[in-house]
Amino acid sequence: GTTWHLTFGGIRTNTHTFATSLEGLYAPGGVGSHGVGSITYVAYDGTVAAEQSCERARRIALQPLPEEQVQREQRRLQGHLRVKSEDGLLPAQVKKRIREIMTEKMGYVKNESRMCAALDDLSEVRETMLPRMGLGSTSRNWNYDWVEAMDAEDMLDVCELTIRMSLQRKESRGYFFREDYPYIDNKNWLTHTVAARVGNEVTFEHTSAAQKYGPPNERDDFLTADY
């Protein structure tokens, strides 16, 4: 189970420095290396990640940040700093709805119909719930609602991408199971699926999966297994 969890997908993490394949992001502890680890693991990993992050910050300290990008991000974050209207929603309510959709339609057993329905539901959340989302207070001090509002927006992006990636993979593997494609397909899907955002569109690329600990399984279909 732990192995499946660690190879389920996502960004790659260097387990010595805890730097990820996303520049500037570090993933220590149970997030990045040891699965469900002990406090000792998390403390050690966190220390190493912090040291690496500080070293990177010192290297780039003299490099100017793109001003337009900084201003755009400031506008995005400050745009959430508004009080909830009388008929509005708190960020926690929006997040709860997102979790309900993913639990109902993106559990261990998936199929194309449910995943497409989940995309429709998330689109409705984005169009009808996000605009109504507001905070209990506009204080900038310890305002957890503000953090939750940012999180809700990010959750929508990540959940939509997860579903689109799952629709791409037309097979079942490990604990990724599709009723409409119930068998392993090594002929076509012994690959990594990499997504990238280009403008408002998401593109997909399929790259060969490195067989680090054993030769590739050349069977075309799980049903051909003779054991």
Side-chain angles (χ1 to χ4, degrees), residues 1-37 41 45 49 52 98-99 101-123 154-227:
T2 301
T3 302
W4 283 354
H5 173 73
L6 290 175
T7 60
F8 181 60
I11 56 178
R12 301 298 177 191
T13 305
N14 181 316
T15 54
H16 298 292
T17 65
F18 305 104
T20 71
S21 52
L22 183 61
E23 178 67 22
L25 180 66
Y26 294 80
V31 174
S33 60
H34 293 116
V36 182
Y41 276 146
D45 295 355
Q52 294 291 325
I98 296 171
R99 290 191 185 100
I101 294 167
M102 296 301 284
T103 299
E104 178 185 352
K105 295 170 180 169
M106 278 295 289
Y108 287 113
V109 179
K110 306 173 183 65
N111 62 44
E112 183 171 347
S113 175
R114 281 200 294 275
M115 288 191 284
C116 288
L119 282 177
D120 291 340
D121 290 344
L122 292 177
S123 179
D154 291 341
M155 280 178 68
L156 272 177
D157 289 342
V158 171
C159 289
E160 286 180 359
L161 183 58
T162 299
I163 296 170
R164 294 188 188 281
M165 297 281 275
S166 298
L167 285 167
Q168 286 276 312
R169 183 166 288 274
K170 294 177 170 57
E171 65 154 3
S172 292
R173 183 178 297 270
Y175 76 119
F176 176 82
F177 181 76
R178 288 188 57 166
E179 291 177 312
D180 41 356
Y181 295 96
Y183 301 110
I184 296 171
D185 180 359
N186 284 325
K187 181 178 180 181
N188 297 302
W189 290 104
L190 198 61
T191 63
H192 298 299
T193 304
V194 182
R197 187 181 295 278
V198 180
N200 293 325
E201 301 296 323
V202 177
T203 63
F204 298 97
E205 177 187 3
H206 303 288
T207 62
S208 179
Q211 296 296 296
K212 184 175 180 180
Y213 296 110
N217 182 346
E218 296 179 353
R219 299 187 189 279
D220 293 346
D221 192 303
F222 187 73
L223 287 176
T224 63
D226 54 5
Y227 51 86

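Side chains included, hydrogens not; waters and symmetry mates left out as well; all remaining heavy atoms used.
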Side chain to side chain contact (heavy atoms under 4.5 Å, CB included) between I163 and M106, worked out: CA-CA 8 Å; I163 296 170; M106 278 295 289; 3.8 Å; yes

Trace of the side chain to side chain contact (heavy atoms under 4.5 Å, CB included) decision for E205 with T203: CA-CA 7 Å; E205 177 187 3; T203 63; over 6 Å; no

Between R169 and Y181, does a side chain to side chain contact (heavy atoms under 4.5 Å, CB included) hold up when you go through it step by step? CA-CA 9 Å; R169 183 166 288 274; Y181 295 96; over 6 Å; no

When you look at K170 and D180, which way does the side chain to side chain contact (heavy atoms under 4.5 Å, CB included) test go after all the steps? CA-CA 8 Å; K170 294 177 170 57; D180 41 356; over 6 Å; no

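The structure places NZ of K105 at 11.0 Å from SG of C116, a figure rounded to the nearest 0.5 Å. The CG atom of D120 lies 10.0 Å from the CD1 atom of I101; values are rounded to the nearest 0.5 Å. For the atom pair L167 CG and T162 OG1, the distance stands at 11.0 Å (nearest 0.5 Å). For the atom pair CE (M155) and CG (L122), the distance works out to 9.0 Å, reported to the nearest 0.5 Å. Taken to the nearest 0.5 Å, the CE atom of M115 stands 5.5 Å off from the OG atom of S166.
Here the closest non-hydrogen pair linking H192 and S208 is CD2-O, 3.8 Å. E171 and F176 get closest at one heavy-atom pair: O-CE2, 3.3 Å. Scanning both residues, V109 and R114, for their nearest heavy atoms gives O-NH2, 3.0 Å. Between H206 and T193, the closest heavy-atom pair is ND1-OG1, 3.3 Å. When all heavy atoms of R173 and I184 are compared, the closest pair comes out as NH2-CG2, 3.6 Å. The nearest pair of heavy atoms linking S123 to E160 is N-OE2, 4.4 Å.
Looking at R164, its side chain never comes within 3.5 Å of a backbone N or O of L119 through a donor-acceptor pair. Panel note: side chain Q52, backbone T17; no donor-acceptor pair is recorded below 3.5 Å. In terms of modelled atom types and a separation under 3.5 Å, the side chain of T20 and the main chain of T13 share no donor-acceptor contact.
By the 30° and 60° cut-offs, the orientation of the rings of Y175 relative to Y108 is tilted.
Counted within 6.0 Å of CD on E112, heavy atoms from surrounding residues, nucleotides or ligands total 12 or fewer; the atom is thus considered open.
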